[in-house]
Protein chains: 2
Amino acid sequence: MLRVMVVDDQALVRRGFALVLDNEPDIEVVAEAGTGVEAIEAAHAQQPDVILMDIRMPEMDGLEATARILEAGDTTCRVIILTTFDPDEYVFRALRAGASGFVLKDIPPEALVDAVRTVAEGGAMLAPGITQRLISQFAQKLGSERDLAERLQRLTSREREVLTAIAAGKSNAEIAEALFIGAATVKSHVSSLLSKLGLRDRAQAVVFAYECGLATPGEHDVGF
Amino acid sequence: MLRVMVVDDQALVRRGFALVLDNEPDIEVVAEAGTGVEAIEAAHAQQPDVILMDIRMPEMDGLEATARILEAGDTTCRVIILTTFDPDEYVFRALRAGASGFVLKDIPPEALVDAVRTVAEGGAMLAPGITQRLISQFAQKLGSERDLAERLQRLTSREREVLTAIAAGKSNAEIAEALFIGAATVKSHVSSLLSKLGLRDRAQAVVFAYECGLATPGEHDVGF
DNA sequence: CCACACATCCGCCAAAAGCGGGATTTTGAT
DNA sequence: ATCAAAATCCCGCTTTTGGCGGATGTGTGG
């Protein structure tokens with residue numbers, strides 16, 4: 001039995017969703033909440049499997065509440081964000097908060113039920129437009145890498161190694177130490193790869209490394 | 001009326017999907033193809049709205065065919081990739097090729113029909129697991145950007161401007177020219193921002209800019 | 001076998017970058 | 001009005017960097 005909680009400040013909306021879900025034999029609405037604070041308390045007390053969370057609410061908005069509930073770590077529940085209209089500005093915050101779904105309130109009842117089941121099973125469900133945008137953003141990044149990656153092949157393996165190190169923010173001396181070669185040799189490799197790639201300095205080399213996918217954001221700590 | 005094309009090397013599978021779709025009043029299967037090459041020809045000739053594309057096929061796989069069809073630009077059709085099992089390795093290629101959907105073949109018929117309609121309307125439809133992974137990857141990246149972006153706030157607006165220019169591969173002289181200030185001033189800003197961010201040189205500054213999202217791959221040409 | 005290309009290595013030198021000062025003006029907030 | 005912060009500029013000084021030339025090994029193909 002799927003234990004679901006519905007969070008919305010409008011009681012009528014809340015009851016509507018709750019009725020739709022309770023009508024399913026395998027779904028049980030175990031809690032309702034009208035504010036973010038209530039939601040946090042109820043999530044802790046009832047430990048639902050899935051939470052349907054509205055964004056606009058008094059006291060604390062749904063995204064903040066989502067983040068707190070999931071950060072607490074004392075629960076394994078998953079959250080579907082409900083919104084009325086253009087989700088553009090909220091979607092990134094929602095994903096960062098840890099939401100597993102993001103659907104519009106005009107979703108057909110069957111689709112909502114599907115979404116709850118899907119999310120409970122570990123999947124994710126986004127409104128079609130959101131998915132489309134997520135894909136676009138992803139594809140754009142991957143797309144430009146191809147032609148640049150070809151230029152990478154003109155480098156020797158040693159040069160690629162050096163370029164990777166440069167893209168990690170290492171100085172020539174550090175690269176020399178890491179590769180067990182002389183500092184002068186590193187400079188030679190650097191000069192060579194800059195020339196081959198048509199770049200001027202190591203800063204441009206870092207840019208190139210990121211643009212072609214040799215380095216990708218989120219890989220290293222920027223502790224330096 | 002939605003014009004749909006089904007591409008799969010197994011005739012039975014093809015017919016199965018085609019029958020399901022043709023059964024809908026607003027959907028018409030206008031073409032079928034058994035190979036990637038056939039798919040390209042048929043897409044050009046029939047101009048379908050949506051293409052259901054299998055991955056594994058002789059002659060040319062579905063991803064390659066998808067890329068060619070969409071690259072051609074003489075069509076506005078959208079593609080849903082069909083696959084049997086673990087799509088892990090194909091997902092990125094598919095998204096890069098321009099696919100608007102990625103679903104497993106064990107999808108329920110109604111859901112497939114939904115997917116076709118959704119995609120035709122400009123949305124996207126991914127298998128729940130895929131969506132989940134896409135979200136995870138996104139959330140991870142956004143997460144690491146968060147704290148770094150805070151450090152960005154310690155900079156003055158001018159310093160952020162300079163940092164952006166550095167992240168574009170510009171030299172101090174070029175930055176000076178672009179901002180209508182003296183080269184010495186640029187050096188001051190650079191020194192200041194490096195100090196504030198705890199970085200050593202401009203190469204690390206570029207890394208920081210990419211890691212915190214100030215610069216993102218795929219934005220500028222690496223023509224320099 | 002021997003040229004030739006290529007990768008790898010090193011030293012020298014000029015240019016750029018980065019550092020630590022200091023000074024002036026503009027801007028904003030109290 | 002006043003004070004603080006930011007933005008602008010300047011100047012030496014040291015370190016790093018990048019370009020140039022040259023040395024060595026390792027193949028590959030004529």
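Throughout, a chain's letter reflects where its sequence line sits, starting with A, and its residues are numbered from 1.
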TODO: Rounded off to whole Å, could you give me the CZ-to-C1' distance for the A:R154 and C:dA5 pair?
DONE: 16 Å
TODO: Rounding to 10 degrees, work out the angle separating the end axes of the helix from C:dC1-D:dG30 to C:dT30-D:dA1 (five pairs an end).
DONE: 40°
Task: Side-chain N or O of A:H189 closer than 4.0 Å to phosphate OP1/OP2 of C:dA7 - done: no
TODO: Give the rounded distance in Å between these two atoms: CG of B:L199 and P of C:dG18.
DONE: 11 Å
TODO: Would you indicate whether the side-chain heavy atoms of B:L126 and A:L134 approach each other to under 4.5 Å?
DONE: no
Task: Between C1' of C:dA15 and NZ of A:K187, the distance in whole Å - done: 12 Å
Open item on the list: Contact list please: residues 156-164 of chain B against DNA chain D, heavy atoms, distance less than 4.0 Å, in numerical order.
Closed with: B:T156, B:S157, B:R158
Task: Distance (rounded to the nearest 0.5 Å) between B:L148 CG and B:Y210 OH - done: 15.5 Å
Open item on the list: What is the distance, to the nearest angstrom, from the CD atom on A:Q204 to the P atom on D:dG18?
Closed with: 10 Å
Open item on the list: Check the phosphate of D:dT17 against A:N172, side-chain N and O only, distance under 4.0 Å to OP1 or OP2. Yes or no?
Closed with: yes
Open item on the list: Between C1' on C:dT8 and CG on A:L193, what's the gap in Å once rounded to a whole number?
Closed with: 14 Å
Open item on the list: Could you check whether A:K105 pairs with A:D54 (Lys NZ or Arg NE/NH1/NH2 to Asp/Glu carboxylate O, under 4.0 Å)?
Closed with: yes
Open item on the list: Whether the side chain of B:E64 engages the backbone of B:M60 through a donor-acceptor N/O pair (distance < 3.5 Å, no angle test) should be reported.
Closed with: no
Open item on the list: What is the distance, to the nearest angstrom, from the CG atom on A:L155 to the C1' atom on C:dC6?
Closed with: 14 Å
Open item on the list: Closer than 3.5 angstrom, by distance alone: can the side chain of B:E174 be matched with the main-chain N or O of B:S171 as a donor-acceptor pair?
Closed with: yes
Open item on the list: What's A:S195 touching, base or sugar-phosphate or nothing? Going by heavy atoms closer than 4.0 Å.
Closed with: nothing
Task: Phosphate contact (D:dC9 OP1 or OP2) by B:T185 side-chain N/O below 4.0 Å - done: yes
Open item on the list: Counting only side-chain nitrogens and oxygens, does B:R200 get under 4.0 Å of the OP1 or OP2 atom of C:dG18?
Closed with: no
Task: Nucleotide of C:dG21, C:dC10, C:dC19 approaching B:L194 most closely (side-chain heavy atoms) - done: C:dC19
Open item on the list: Under 4.0 Å, counting only non-hydrogen atoms across every strand here, what does B:K196 touch: a base, just sugar-phosphate, or nothing?
Closed with: nothing
- [ ] Provide, to the nearest angstrom, the distance between the CG atom belonging to B:D201 and the P atom belonging to D:dT17.
- [x] 6 Å
- [ ] Look at the side chain of B:R158 and the backbone N and O of B:H189, then say whether any donor-acceptor pair between them is shorter than 3.5 Å.
- [x] no
TODO: Between B:A183 and A:S191, name the one whose nearest nucleotide on DNA chain D is closer to the 5' end.
DONE: B:A183
- [ ] Taking A:S192 for its side chain and A:S188 for its backbone only, find out whether a donor-acceptor pair lies under 3.5 Å.
- [x] no
Open item on the list: Rounded to whole Å, how long is the line connecting atom CG of A:L179 with atom C1' of C:dA7?
Closed with: 14 Å
Task: Residue B:I181, side-chain heavy atoms: nucleotide from C:dG18, D:dG19, D:dC9 that is nearest - done: D:dC9
TODO: Tell me which of B:F180 and A:V190 sits closer to the 5' end of DNA chain D, going by the nucleotide each one is nearest to.
DONE: B:F180
- [ ] Return yes if some donor-acceptor pair links the side-chain N/O of A:E159 with the main-chain N/O of A:L155 below 3.5 Å, else return no.
- [x] no
- [ ] Taking A:R202 for its side chain and B:R202 for its backbone only, find out whether a donor-acceptor pair lies under 3.5 Å.
- [x] no
Task: Test item: B:R78 side-chain N/O and B:V119 main-chain N/O as donor-acceptor pair under 3.5 Å - done: yes
